[in-house]
Amino acid sequence: MDHKMFCFQCEQTAGCTGCTGAAGVCGKKSDTAKLQDQLTGALIGLAKATEGNRDLVSDDTDQVVVEGLFTTLTNVNFNNDTISGMIRRVEEEKKKLVSNCFHCSSSCGRNDDYDMEKIWTADEDIRSLKSLILFGIRGVAAYAYHADVLGFHDSEVNEFFYKALCAIGMDDWEMEELLPIVMEVGRINLRCMALLDKANTETYGNPVPTEVSLTVEKGPFIVISGHDLCDLKQLLEQTKDKGIHIYTHGEMLPAHAYPELKKYTHLKGNFGTAWQNQQKEFDGLPAPVLFTTNCLMPPKASYADRVFTTDMVSYPGVVHIGEKKDFTPVIEKALALGGYPEDMHFTGMNGGDKVMTGFAHNAVLSVADQVIEAVKAGKIRHFFLVGGCDGARAGRSYYAEFVRQTPADSIVLTLACGKYRFNDMDLGTIGGLPRIMDMGQCNDAYSAIQVAVALAEAFGCEVNDLPLSMVLSWYEQKAVCILLTLLHLGMKKILLGPSLPAFLSPNVLNYLVENYEIAPVTTPEEDLRKILE
C-alpha cells in the first residue's frame, strides 16, 4: 500500500475513512502504527501456536496476550521502545509453545507472524468484520487487565482471546464464519464486565451516590487519570500524611463513590473535564498527572515534565512507574511544584461547580421500588441512557443539547467520559431521585444492563419494551465491545454518534440496521420527537 500508515480504529480517524499519513489524528506516528500492527500480527501468530498445545499455555501466556492487546488501544502507547519490547515478549512466549518450529524454514503460521496488510487490503466486508472482532477484543482486554490486577480471572475470557485472534488470521473465512465470532465478542465482554464489577465491588465496596467537588484546594496535589482503581488505591496509600491532595480526572471520577476509597480524606475532588481537553487544562498545571490507562494525548512542552505513566501507558521521554508501583517520583514532583497558592474554583462544561456519581446497579436497585412506583404513577415517563466516550468533534455538542431537552418527567442514566458534556447540569429531581444519574466508568455499562434487566422483570416485559432509549457516543475500542454486548443481548433501536464507525462496510452496517435497528444520531429535537412518539 502506498500510504505511510493505516488506522481507522477510533471515531476521529481522518476524513471518517482512515489515518494514512505520517501521523494519526491521535498523534500516533506512522512508525508507531506499524509497530502496533506488527504486535497484533505477533499475537495472531502466538494464538495459532497454541492450537494443539493448550496444555502448554500458562498464566504468563494469557498475561502477554492481554497486555499486548491493551497496548494497541487508542491513546495508550506512543512509545516504539515499549511496543518493541512487547513484541519480543510475544515471540519469547511463542517459542515456549512451538520451539521446534523455529528450526523449520517453512512458513506455516506457527513459526511466523501474521501480516496485517492482508486485513487492511481484504474485501471490505471481511475487513469490517475482522475489525469489529479485533477492536472489540482490544477493549475486552483492557477490562480483563483491570480485573487481573485485583486477582480476578476468567479462563473462558482468556480462552476467547486466542479463538478471536485465530479467526482474524483466517484468510479463507467468509462472513458466515466471522459474524458469529463478532457476536461472541459481545457475550464475552459481558462476562468480563461482570468479572470486573465483582473485582471492584468486592475490593472497594459497592459505590454509593456521592457529590464531588470541582474545586482544587491550595497546596500540593496530584491528578490521576484513567480507569485503574488499584493504582489510585496505591497512590492514596503512599501519599497519606504527606500533605498532598489527590484529584481524579476523566474516567477516574467514579472512584469517589467506592467506600474503601472514600475513606481517604485527601481524595478531594475531580480536576478538569473530559480527556480531549487535557492539553488545554493541563497547560502550566502546578502539579503532576499520572496516567493509568488510555486517554493520554501527546503532552505539550508546558507540562510534559510533570506527566507520569504506568501500566500499559507509555510515551517517549515521560517517566514510567513500573510494576513495583513506587510513586515516589510523582510525590516528589507534587511537593516541588507546590500546587496553587489558594483555592481554585473550576467548573464543568456547563458552569457547574460539582458533579454527582455513584449510581451503580446496587445503588439504583436499592430504590427500585421507588422507581417502579414513580413509573406506575406516571411521574417517570421515560429513561434515557446517554453515555459513552467523549471526543473533540463539534458534533458532540449534540449530547449536551439532547440531555438539556429531555422532558422533566424523564431520567437520564449516564456512564463513561461522555457524561462530561452534561454531568454538571442541574436538571432537578423526579420522584425524590436526581434526573441525571452517573453509573460510572465505561465498563459500568454492566450496571446499566443490570438495571434494565431488573426493570424488565419488574414490569413483566422484554428490555426492548421498556420506556428506555440508548443514545450512545463512541470514540475508541471499549465502546466497540460494549456496543457488541448490547447487540448480543438483543437490544434494539440504539442511536449511535456522532459519526458511524469508518470500519463498518455498507453491508455490515445494513446487517446491523436490519437486525438491530441501529441508527445514527440526527438532531436532538428530531431524535427526541421520534423516541417520545
Side-chain angles (χ1 to χ4, degrees), residues 67 70-71 73 75-79 82 142 145-146 149-150 200 204 212 214 216-217 219-256 258 261 264 266-340 346 417 441:
E67 292 185 5
F70 192 178
T71 295
L73 209 70
N75 291 89
V76 170
N77 197 313
F78 298 81
N79 194 327
T82 54
Y145 179 91
H146 296 314
V149 297
L150 294 176
N200 285 338
Y204 306 114
V212 181
L214 303 183
V216 176
E217 299 179 17
F221 67 98
I222 296 170
V223 175
I224 181 169
S225 187
H227 302 71
D228 201 299
L229 301 181
C230 185
D231 286 332
L232 172 60
K233 173 69 182 298
Q234 293 178 81
L235 180 65
L236 288 167
E237 275 293 318
Q238 293 180 36
T239 51
K240 276 194 309 187
D241 305 320
K242 285 186 166 59
I244 298 174
H245 297 154
I246 306 298
Y247 293 87
T248 56
H249 172 263
E251 281 276 70
M252 200 64 83
L253 167 65
H256 291 273
Y258 287 91
L261 300 176
Y264 291 91
H266 60 302
L267 177 61
K268 290 291 185 176
N270 191 73
F271 176 86
T273 52
W275 68 271
Q276 77 276 1
N277 299 320
Q278 66 188 257
Q279 290 180 327
K280 176 179 66 176
E281 294 175 343
F282 293 165
D283 192 18
L285 188 72
V289 182
L290 174 64
F291 283 89
T292 65
T293 58
N294 55 315
C295 304
L296 170 69
M297 296 177 72
K300 294 172 63 176
S302 63
Y303 66 89
D305 66 324
R306 58 208 67 181
V307 170
F308 296 82
T309 61
T310 191
D311 299 326
M312 297 299 101
V313 191
S314 186
Y315 194 88
V318 166
V319 176
H320 186 80
I321 306 299
E323 292 182 6
K324 293 183 178 179
K325 299 296 181 179
D326 181 358
F327 293 115
T328 299
V330 189
I331 294 169
E332 290 177 345
K333 179 65 74 171
L335 293 172
L337 291 170
Y340 294 110
F346 296 98
C417 61
Q441 297 180 343

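From a predicted model like this one, the values you see are computed outputs, not experimental measurements. These values consider heavy atoms only, across backbone and side chains, with no hydrogens, waters or symmetry-generated copies.
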Out of curiosity, [X] [atom1] to [Y] [atom2], how far, rounded to the nearest 0.5 Å?
X    : Y    : atom1 : atom2 : value
L290 : M252 : CG    : CE    : 7.5 Å
D231 : I321 : CG    : CD1   : 10.0 Å
C417 : Q441 : SG    : CD    : 10.5 Å
I246 : T239 : CD1   : OG1   : 4.0 Å
L236 : I244 : CG    : CD1   : 11.5 Å

Heavy atoms, side chains only, cut-off 4.5 Å: are [X] and [Y] in contact?
X    : Y    : result
H256 : L261 : no
H245 : I222 : no
F346 : N270 : no

Please step through side-chain contact (heavy atoms from CB on, under 4.5 Å) for the pair K268 and F221, ending with a clear verdict.
CA-CA 10 Å; K268 290 291 185 176; F221 67 98; over 6 Å; no

Between F327 and K333, is a side-chain contact (heavy atoms from CB on, under 4.5 Å) present by the stated rule, with each step listed?
CA-CA 10 Å; F327 293 115; K333 179 65 74 171; over 6 Å; no

Closest contact, heavy atoms only, [X] versus [Y]:
X    : Y    : result
L73  : A142 : CD2-CB, 4.2 Å
T310 : G322 : OG1-O, 4.3 Å
A334 : P220 : O-CB, 3.6 Å
V307 : P299 : CG2-CB, 4.1 Å
G226 : T293 : CA-OG1, 3.1 Å
C230 : L150 : CB-CD2, 3.9 Å

Can you tell me if [X] uses its side chain to pair, donor with acceptor, with the backbone of [Y] under 3.5 Å?
X    : Y    : answer
R306 : L285 : yes
Q238 : L235 : no
N294 : L296 : no
H266 : D241 : no
Q278 : C295 : yes
Q279 : P298 : yes
E281 : T273 : yes
Y315 : M297 : no
E251 : S225 : no

Look at the aromatic rings of H249 and F282 and report parallel, tilted or perpendicular, splitting at 30° and 60°.
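Tilted.
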
Can you label the angle between the Y258 ring and the Y204 ring as parallel, tilted or perpendicular, going by 30° and 60°?
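Y258 vs Y204 ring planes: perpendicular.
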
Between D311 and T292, is the side chain to side chain donor-acceptor pair (under 3.5 Å) condition met? List the steps.
CA-CA 6 Å; D311 299 326; T292 65; 5.1 Å; no

In a check of side-chain contact (heavy atoms from CB on, under 4.5 Å) between P288 and each of V223, V319, V330, which one passes?
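Answer after filtering V223, V319, V330: V330.
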
T71 and N77: side chain donor to acceptor below 3.5 Å:
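No - no donor-acceptor pair under 3.5 Å links their side chains.
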
In terms of side-chain heavy atoms, does E237 have a donor or acceptor partner in Y264 at a distance below 3.5 Å?
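Looking only at side-chain atoms, Y264 and E237 do form a donor-acceptor pair, the distance falling under 3.5 Å.
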
Between T309 and H320, does a side chain to side chain donor-acceptor pair (under 3.5 Å) hold up when you go through it step by step?
CA-CA 5 Å; T309 61; H320 186 80; 2.8 Å; yes

Between the side chains of D228 and K233, is the shortest nitrogen-to-carboxylate-oxygen separation below 4.0 Å, so that they form an ion pair?
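Judged by the 4.0 Å cut-off on N to carboxylate O distance, K233 and D228 do not form a salt bridge.
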
As a quick check of understanding, evaluate ring pair (Phe, Tyr, Trp, His ring centres under 6.0 Å) for F308 and F291, giving each step before the final call.
CA-CA 6 Å; F308 296 82; F291 283 89; over 10 Å; no

